[in-house]
Chemist: 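One structure is given below, represented as structure tokens, and several questions about it will come after.
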Amino acid sequence: MHGHHEEFIEAVAPGLGFYYLLLCLMNWGAAMYLWRTNVKTYFTVAGVGVTNVLFWLIVGFLFIILSPIAMMGSPPEFSHGVKDLVNSLSGPVTLTVGSLVGMMFLYFFRRWWTHPPIAWTLLNLSLLALGLAMADSNFFSIVGKGDNVPIVGLVFLLGYFNWLATYKAVINDDRRKQGLPPVEKTEDEKVLVWPDLVYTEMICMVALTAFMMIWALCLQAPLEEPASSVKTPNPSKAPWYFLGLQEMLVYYDPWYAGVVLPSIVVFGLMAIPFLDFNKAGNGYYTIEERKFSYIVFQLGFLELWIVLIILGTFLRGPNWNFFGPFEYWDAHKVLAGNNVDLSQYFWGGMLGQALPKAPLGSGAGTEIAYILLRESPGIILTLAYLILLPPILAATIFRSFFAKMGLIRFMLMANLLLLMISLPLKMVLRWTVNLKYIISIPEYFLNF
Amino acid sequence: MSIGETIRNSQLWKSVFRHPMPLDRRNRIVVMLTNFFLHLHPVSVKKQGIALSYTWCMGGVTFFLFLVETLTGVLLMFYYRPTLEWAFKDIQDLRDVVSLGIMRELHRWGAHAMVITTWLHMYRVFLTGSYKPPREFNWVVGVILLLLTLLLSFTGYLLPWDQLAIWAITVGSNMARATPFLGHEGPGQQILKVGGIDMITNATDARFALLGARFVGEETLNRFYVLHCVAIPLAVSLLLAIHFWRVRKDGGISGPL
Ligand code: HEM
């Protein structure tokens, strides 16, 4: 075990050393940029003003000290205490709920965290955390896998672009309050495409080509053993972009998670322009002017798509069990799972009797009738959720929506929204009361 | 006369470009109108529409990656044969034998990157509200492009024919087994019966149509190969043409009114 560890450290040390060097250069680049554009004093220590330039220079220095240390074979890493804590704290519940709380934080405190120095600090911290974590062999073996590397990129890209969009939205929303048009409006003079756009495209293409080449040279495409239809790997995973859906298989059966849900997602995406009746916020960044659609999309895209992909890729191991980021993927880990259907709760738990069952030898019609009776609590609940709830919403919190959208569009919007919310709802029900299926008709493969 | 001028005055050069270098205003306009590739663009645009901080250039990057995939894909096809006997060996040779063998890397990483940039592009379009009238239809075209991008990536995943490939496709395509009515383990499958005989079995259902067999095998490899190299790229190309056409017809990149 120990020899293994040393081998591993030897292998990652140069890469991490180089990584910290890049982080240093990144901060020095920022310092240089600030030095040439706007030098500001952050705070004073003992009468000496610490400017933004000096501050990021120092941060860069810290990284460049880490660089040779890492390179020489002792990359800094999280202590065992921290790793154990992270492992024991993480789980599907903490991850989903935590990210939701995180997103609420980002939403409500957007004015604060979009300040460039704060955002830059957050970036530095997350990059440092990544560096520290990468020195752990369990973390590295999952995150460093060729096909998983793009997801790390995706996370940072989303972080960056989320910052950019929120930053611009905050500025525009402030301008709006002062009666000014959005910034985009002030840039509406026309310029010639040659050279202004064509040159930008050229430079982008050259830079991207270089980037792709470097990526391709540094990281080899994975190729495992030749295909064998008898050796089933554990875990068996779909390609990473479908792992959010595979994660939903924990809560729903394949017919829903694998077929109906994705169809609804595609349909729902297509329907967006026809459901969003809000004319404001067309062609510029804003949050205030389209809060509802903004929140719904953030929830659907970031929480229910991206977070679930991260969960499914990095934290689901053999038998689709959950593993903490620093945990070894042990194929023998056993988790107690004892989930109960709603019908069992209803007939057994509440009424204290056996599930209704058709008498032996009865015809198909009787059998179906009995099945419907058995599952009636779930069926009624589902129908009420999808058919009764929308009118109630229309009469209460969505009154103005209903007035503007008309019946058909409103029902469509409400149903899509309710179906979307049903995902986290079912998750919560699973975590709290071990609910397996709301409707359970295994006779007809219809479990929901 | 300098060499550059000599070249630019030659009959050959003029036959290709038909106008002087785009150094003055007039010729900068002419170049946009006479060059086949450039005429995708308008002659002039609003400054805001080309600001990187507005569009993130994500649609452009996605398109660029599509071109990278096409180019590297053609090069890979020179070596690759989609049969059980050769598929894996050819990929192995691409890694071990072919000189400068990074085509596979470029193609694979490019594919991942394209999925990511497509999502980011959609995110940008959403955050700027650019799907609102008059651009509703282009958003719909975009969603189909997104779906096709994922399918392109998915069908390509099988081709190396290694453990990673067949099991990822097996897990993914097992879903089709549960398609309502059309999958042999899907809800409502029992309804489609003729004379007491199941019409939807594991040899007639949606999964079979996708795989060309009851499990991921040679037929599947062939099917995915054709989808990956011919059918889906063609569909994407067509939709991209419509997508770009509509960007211009809908009044260029969105902006505040
Ligand atoms: C293969 C994938 C795609 C490619 C190559 C592509 C390419 C492009 C390009 C080059 C533009 C010009 C502006 C820009 O770069 O942002 C654009 C605009 C646009 N795209 Fe896409 N796109 C793709 C997928 C999508 C998707 C998934 C959506 C939405 C679901 C979408 C919706 C739009 C809309 C509405 C516009 C107009 C935006 C505006 O006027 O601001 N596209 N696309």
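Below, each value reflects all heavy atoms present in this structure, side chains not excepted, and no hydrogens, waters or symmetry copies. Sequence lines set the chain letters: A, B, ... in the order given, protein chains first and strands last, and positions in each chain run from 1.
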Chemist: Could you walk me through whether A:Tyr285 and B:Tyr54 pass ring pair (Phe, Tyr, Trp, His ring centres under 6.0 Å), step by step?
Modeler: CA-CA 8 Å; A:Tyr285 290 94; B:Tyr54 182 74; 5.8 Å; yes

Chemist: Has the side chain of B:Trp109 got a donor or acceptor atom that lies under 3.5 Å from a matching backbone atom of A:Gln220?
Modeler: no

Chemist: My understanding is that only one of A:Val198, A:Asp196, A:Thr200, A:Val193 makes a side-chain contact (heavy atoms from CB on, under 4.5 Å) with B:Ile50; could you say which?
Modeler: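 Going through the options one by one, the only one that passes is A:Asp196.
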
Chemist: Would you call A:Asp276-B:Lys132 a salt bridge at under 4.0 Å N-O?
Modeler: yes

Chemist: Does any backbone or side-chain atom of A:Pro222 lie under 4.5 Å from a heavy atom of chain B? Answer side chain, backbone, both or neither.
Modeler: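 It is both, since atoms from each part get that close.
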
Chemist: Less than 6.0 Å separating the ring centroids of A:Phe242 and B:Phe154?
Modeler: yes

Chemist: With the threshold set at 4.0 Å, does a side-chain nitrogen-carboxylate oxygen contact exist between A:Asp147 and B:Arg108?
Modeler: yes

Chemist: Quick one: closest heavy-atom pair of B:Gly186 and A:Phe445, and the distance?
Modeler: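 Shortest heavy-atom separation between B:Gly186 and A:Phe445 comes out as O-CD1, 3.5 Å.
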
Chemist: When you look at CZ of A:Phe292, are more than 12 heavy atoms from neighbouring residues, nucleotides or ligands closer to it than 6.0 Å?
Modeler: yes

Chemist: To the nearest 0.5 Å, what is the distance between SG (B:Cys57) and CG (A:Leu208)?
Modeler: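 Answer rounded to 0.5 Å: 8.0 Å.
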
Chemist: Is chain B contacted by the side chain of A:Val260, its backbone, both, or neither, given a heavy-atom distance below 4.5 Å?
Modeler: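 For A:Val260, the contact with chain B is made by the side chain alone.
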
Chemist: Which answer fits A:Ile309, side chain, backbone, both or neither, if we ask what part of it has an atom under 4.5 Å from a heavy atom of chain B?
Modeler: side chain

Chemist: So which of B:Ala178, B:Pro256, B:Ser254, B:Gly129 has the largest heavy-atom pair count under 4.5 angstrom toward chain A?
Modeler: B:Pro256

Chemist: Quick one: which of B:Arg124, B:Arg25, B:Arg177 has the most heavy-atom pairs under 4.5 Å with chain A, could you say?
Modeler: B:Arg25

Chemist: Could you have a look at B:Val125, B:Leu127, B:Asn27 and say which one has the most heavy-atom pairs with chain A under 4.5 angstrom?
Modeler: B:Leu127

Chemist: Closest heavy-atom contact between B:Glu105 and A:Leu219?
Modeler: CG-O, 3.3 Å

Chemist: Between A:Ser228 and B:Ile166, what is the shortest heavy-atom contact and its length?
Modeler: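 Smallest interatomic distance, heavy atoms only, reads O-CD1, 3.7 Å.
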
Chemist: Without swapping roles, check the side chain of B:Trp139 against the backbone of A:Leu269 for a donor-acceptor pair under 3.5 Å.
Modeler: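 Yes.
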
Chemist: Please flag which part of A:Leu249 lies under 4.5 Å from any non-hydrogen atom of chain B: side chain, backbone, both or neither.
Modeler: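 Just its side chain gets close to chain B.
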
Chemist: B:Ala168, B:Pro133, B:Ala51, B:Gly110: which one forms the most heavy-atom pairs within less than 4.5 Å of chain A?
Modeler: B:Ala168

Chemist: Check ring-ring contact (aromatic ring centres under 6.0 Å, His included) between B:Tyr157 and all other residues, then give those that pass, not counting sequence neighbours.
Modeler: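 Once residues adjacent in sequence are excluded, B:Tyr157 has no partner under the ring-ring contact (aromatic ring centres under 6.0 Å, His included) criterion.
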
Chemist: Before giving the answer on ring pair (Phe, Tyr, Trp, His ring centres under 6.0 Å), spell out for A:Phe161 and B:Tyr123 the whole-Å C-alpha distance, their side-chain angles and the decisive distance to 0.1 Å.
Modeler: CA-CA 9 Å; A:Phe161 283 117; B:Tyr123 196 38; 8.7 Å; no

